[in-house]
Number of protein chains: 2
Amino acid sequence: MTPPPGTTVTPKGQQRAQRFLDAALEVFTEQGFEAASVNEVVRRAGGSLATLYKLFGSKEGLFIAVIERRAMSVFEPIQDALANDLLPHDGLTRFGRRLLDFLLEPEALALYRLVLNDLHRHPELARRFLDSGPFRTLGELADYLAHQVALKRLVIDDCRLAAGEFTGMLIGDLHIQIMVGQVPTLSRAERLRRVDSAVRRFLTSA
Amino acid sequence: MTPPPGTTVTPKGQQRAQRFLDAALEVFTEQGFEAASVNEVVRRAGGSLATLYKLFGSKEGLFIAVIERRAMSVFEPIQDALANDLLPHDGLTRFGRRLLDFLLEPEALALYRLVLNDLHRHPELARRFLDSGPFRTLGELADYLAHQVALKRLVIDDCRLAAGEFTGMLIGDLHIQIMVGQVPTLSRAERLRRVDSAVRRFLTSA
DNA sequence: AAAAAAACGTAGCATACGCTACACTTTTTG
DNA sequence: CAAAAAGTGTAGCGTATGCTACGTTTTTTT
């Protein structure tokens, strides 16, 4: 939370924008885009409505700014799980655990749901989100798989398709439950079991 | 569209309710719950706003009625694909094709998105939807798998988990794309290839 | 065909929202 | 320290919504 001490002090304007963005993230994730009130954002962030509008132009502009700043990089911790020197079993297990942890963490979950609920009205933004988020993650998993194929550790025809299948197996029906708000409480043991099952199934078929 | 000739003529009131429900389905799927206007529903259905409110009580009541009538049974064609005497390869292939066809058909798609977008505000309804929709479908797939296991045609430890994994493989990353409105155009050949891949992967690991 | 019930349609209430205007205060800058 | 720029708070406009009231018309029932 404290700014890095080496950098020059952020101009006041930047701080204001930050506080607006933080509050907007809260309000948007709690209420969704339509139900969220700009006045509520100002109420939480401090500052004034006029300033917010000077910075972001509109409610939509505020929403876009929020998504750009946070949602785009929300998948990054998952991608970091993959290193080409890891054996398939280990790499996939690490990847799987992080993916499930991410999907079930309330904070990331709320943002995820916000994006899925409200991004369909902004096609360009949706495409960019897909490219820098889920698709990029899938791409990196596909690259990892391709590398393992090159090392003769796996036999896979279409690595991109296989990547989708593996993540699909991991997630299974969690997706639907999450979207309708019925997020299941999965114990750590259950998550691990799920990951192990998907990894085993994937490896014995590749 | 024409009512079955054997039945007694539906009372006028029922017809009114039907037209309201049909129009509401249209408007809700086009605009989502929040953005939809009750007046727009009346404009399309004919009749009067007062009558609609006498029938359904509120906008929310109208929404619930729409979901109850249509969304609950939207998964049924998929379940019909499974017959216990089918060999695993054939049963899973049939099931997979219907699932993909359903997920990519615009009409069902719109309803599906409506449900996922707006059902999280109605927890009881959400649970009932899950139970009579996706969960029931998964349950029937699990039963089919269990039957095949009993026939020594498959080896599966947890059939319910396996059912989720299979459908997850089929859907892969389609779910996210659908939710953000970037529905891919999958040719029939691509869909079949996807199904074949998932079936092969599933069977070689079971 | 008369009486009872239901449907109609318009008009409007109450409310909440996104957004702007404006007079005022605080902060930055030369 | 003074001029200029940026920020603040309030008040309100325009609009759209969900919903109700009510006098009239249509449909149903006997």
Side-chain angles (χ1 to χ4, degrees), chain A residues 3 7-67 114 117-122 125, chain B residues 3 7-67 114 117-122 125:
Chain A
T7 59
T8 46
V9 176
T10 333
K12 272 274 175 67
Q14 298 276 0
Q15 291 184 21
R16 277 272 166 274
Q18 282 288 341
R19 299 193 52 181
F20 281 139
L21 286 172
D22 290 339
L25 177 65
E26 270 187 37
V27 177
F28 278 139
T29 51
E30 282 172 20
Q31 330 239 10
F33 177 77
E34 309 250 25
S37 154
V38 181
N39 284 296
E40 175 66 20
V41 173
V42 173
R43 222 169 289 139
R44 298 198 194 182
S48 84
L49 189 60
T51 306
L52 189 153
Y53 271 90
K54 203 167 293 180
L55 287 172
F56 301 104
S58 68
K59 185 184 185 182
E60 201 170 306
L62 180 61
F63 175 73
I64 290 178
V66 168
I67 299 297
L114 171 70
N117 269 333
D118 295 310
L119 215 58
H120 66 102
R121 300 277 174 95
H122 304 272
L125 191 58
Chain B
T7 60
T8 47
V9 175
T10 333
K12 270 277 173 63
Q14 298 276 0
Q15 291 184 20
R16 276 275 167 272
Q18 281 289 341
R19 298 194 51 182
F20 281 139
L21 286 171
D22 290 340
L25 177 65
E26 271 187 37
V27 176
F28 278 140
T29 52
E30 282 173 17
Q31 328 240 10
F33 177 77
E34 309 251 25
S37 155
V38 180
N39 284 296
E40 175 65 20
V41 173
V42 173
R43 220 170 289 138
R44 297 198 194 181
S48 85
L49 188 59
T51 305
L52 188 153
Y53 271 91
K54 203 168 292 178
L55 287 172
F56 301 104
S58 68
K59 185 184 185 180
E60 202 170 306
L62 180 61
F63 175 73
I64 290 178
V66 168
I67 299 296
L114 171 70
N117 269 332
D118 294 310
L119 215 57
H120 66 101
R121 301 276 175 95
H122 304 271
L125 191 58

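These numbers come from a predicted model, not from an experiment. A, B, ... follow the sequence lines: proteins, then strands. Residue 1 opens every chain. The analysis underlying the following values was restricted to heavy atoms, covering all of them including side chains, and did not include hydrogens, waters or symmetry mates.
- One interatomic measurement links the two molecules: CD of B:Glu60 to P of D:dG18, which rounds to 12 Å at whole-angstrom precision.
- A:Phe56 and A:Ala17 make their closest contact through CZ-O, 4.3 Å (heavy atoms, listed as atom of the first residue, atom of the second, distance).
- A:Phe33 and A:Phe28 have parallel rings, their planes meeting at less than 30° on a 0 to 90° scale where 60° marks the start of perpendicular.
- Between the NZ atom of A:Lys59 and the P atom of C:dC19 there is a distance of 8 Å, rounded to whole Å.
- The separation between A:Glu40 atom CD and C:dC19 atom P is 16 Å, rounded to whole Å.
- Residues passing the salt bridge (charged side-chain N to carboxylate O under 4.0 Å, His left out) test with A:Arg43 are A:Glu40, sequence neighbours excluded.
- Toward the 5′ end of DNA chain C lies the nearest nucleotide of A:Val38, the other residue of the pair A:Ala50 and A:Val38 mapping further downstream.
- Taking atom CD of B:Gln15 as the reference point, atom P of C:dC8 lies 12 Å away to the nearest angstrom.
- Rounded to an integer number of Å, the gap from CD of B:Glu34 to P of D:dG18 is 10 Å.
- Taking side-chain N and O atoms only, A:Arg16 has no distance below 4.0 Å to OP1 or OP2 of D:dA6.
- Among the atoms of the strands shown, none is found under 4.0 Å from any heavy atom of B:Ala35.
- How far OG1 of A:Thr51 is from CZ of A:Phe20: 5.5 Å, rounded to the nearest 0.5 Å.
- To the nearest angstrom, C1' of C:dT20 lies 16 Å from CG of A:Leu55.
- Atoms NZ (A:Lys54) and C1' (D:dA6) sit 7 Å apart, rounded to a whole Å.
- Across B:Ala36 and B:Lys59, no two heavy atoms sit closer than the pair O-NZ, 2.9 Å.
- Distance, B:Gln31 CD to D:dG18 C1': 15 Å, rounded to whole Å.
- At the phosphate of D:dG7, neither OP1 nor OP2 sits under 4.0 Å from any side-chain N or O atom of A:Ser48.
- A:Thr51 comes within 4.0 angstrom of a base, heavy atoms only.
- With DNA chain D read from its 5' end, the first of the two nearest nucleotides for A:Gly47 and A:Asn39 is the one closest to A:Gly47.
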